[in-house]
Structure formats: structure tokens, C-alpha cells
Amino acid sequence: MSEKTLFQKIADGDIPSDMVYEDDQCIAFRDIQPQAPVHILIVPRKPIPSLRDLVEEDKELMGHLFLCAARIAEEEGLSDGYRTVFNCGEHGQQTVPHVHLHLIGGRQLRWPPG
Ligand code: AMP
């Protein structure tokens, strides 16, 4: 069996985290280096390395991540809006090779990002 990803270790409780939500398909926890007052990562339990690796059968799972993000945003009181981001690959500055949706909010965000 291949080694667990960092986020699988978090899902399994091997590494501590500030978990805000979990179900049978995904987990959500606070980013260790928050870029805004609210910065939460929504991560599928399935260790898909990046968006490039998605397959047809992942469609529902990916939709589930966005639904969870919207619900969590509401619970976090982000009524003025927020941003959801998947970083992908080197130019996208993805650092953890396990697909994750960033939910960022709680302050005025700028566009374009750096
Ligand atoms: P990315 O750069 O898009 O791959 O995002 C990875 C994110 O994981 C970064 O925002 C990191 O701050 C975050 N991160 C790394 N290790 C941990 C950890 N142990 N707990 C919570 N967040 C983490």
C-alpha cells in the first residue's frame, strides 16, 4: 500500500487538526497558515493527487466538496462572500499532492491573486 498523504494522516487522526466538519466523503479543517480570518481546507477522503487526476467517477464527489464549502461558509458567518480555490501543479503553487478546496474569507479579498 502506498504511503498516506499528509491529509490522509489528518483524516485518520495521526496528525492533529482543527476539524470543523467531516462525513463519509470528505473532511474540513482549518489551514495551519491561514491567509484570512477564515481559511478552511475541504479534502476528499479519496487521495486524488490533483485536479489533473480527476476521473469521470469523481464528478459527484467534487460537487459534494463545493456543497460542503457553501454550508461551512454559512456556519462561519461569511455572509459578505468568500473565495474557493483549487491550486493545481507547480504554476498553481499546489504544495500538498492531495486535492483540496480552500475556503477563504472574513476579509475583503483582492483580484487578481498574486
Ligand atoms: P496548497 O498550497 O494549495 O497545496 O495548500 C496546502 C495548504 O495546506 C496550505 O495552505 C498549508 O498551509 C496547509 N497545511 C499544510 N500542512 C497543514 C496541516 N498540518 N494542517 C493544516 N493545514 C496544513
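Side-chain atoms are counted along with the backbone in the values below, which use heavy atoms only and exclude waters and symmetry mates. A quick note: this is a predicted structure, and the numbers were derived from the prediction, not measured. In each ligand, atom 1 is the first atom listed, and ligand 1 is the first ligand listed.
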Using heavy atoms and a threshold below 4.0 Å, how should the contact between Q93 and ligand 1 be classified: side chain, backbone, both, or neither? backbone
Which of the atoms of ligand 1 are close to R30, meaning less than 4.0 Å from one of its heavy atoms? 21 (C)
Any heavy-atom pair between the side chains of V20 and E75 that's under 4.5 Å? no
Using a plain distance cutoff, I'd like to know if D31 has any nitrogen or oxygen under 3.5 Å from a nitrogen or oxygen of ligand 1. yes
Could you tell me if the side chain of K46 sits less than 4.5 Å from the side chain of E57, heavy atoms only? yes
Does ligand 1 have any atom sitting under 4.0 Å from a heavy atom of F86? no
Heavy atom under 4.0 Å from ligand 1: found in L6's side chain, backbone, both, or neither? side chain
Would you say the ring centers of H100 and H102 fall short of 6.0 Å from each other? yes
Donor-acceptor under 3.5 Å (Q94 side chain, P49 main chain): yes
Under 4.0 Å, heavy atoms only, figure out whether ligand 1 is touched by the backbone of H102, its side chain, both or neither. side chain
Check ligand 1 against F7 and write out every atom of the ligand that is under 4.0 Å from a heavy-atom position of the residue. 8 (O)
Name the closest protein heavy atom to atom 8 (O) of ligand 1, giving the residue it belongs to and the distance to 0.1 Å. L41 CD1, 3.5 Å
I want to know if ligand 1 touches F29 in the polar sense, i.e. an N/O pair below 3.5 angstrom. no
Quick check on D80: does its CG atom have over 12 non-hydrogen neighbours (other residues, nucleotides or ligands) under 6.0 Å away? no
Same cluster or not: are F66 and I48 linked, directly or through other Ile, Leu, Val, Met, Phe, Trp or Tyr residues, by side-chain heavy atoms under 4.5 angstrom apart? yes
Atom 5 (O) of ligand 1: nearest protein contact (heavy atom, Å): H100 NE2, 2.9 Å
Quick check: I32 and ligand 1, any N/O pair under 3.5 Å apart? yes
Atoms of ligand 1 close to Q33 [distance to a heavy atom under 4.0 angstrom, numbered from 1]: 12 (O)
Answer yes or no: does atom CD of E74 have more than 12 heavy-atom neighbours from other residues, nucleotides or ligands under 6.0 Å? no
Can you report which non-hydrogen protein atom sits closest to atom 4 (O) of ligand 1, along with the distance? T95 N, 2.7 Å
About how many Å separate CD1 of I15 and CZ of F7, when rounded to the nearest 0.5 Å? 9.5 Å
Does an N or O anywhere in Q94 fall below 3.5 Å from an N or O of ligand 1? no
Hydrophobic cluster identity match, M62 and V43, side-chain contacts under 4.5 Å: no
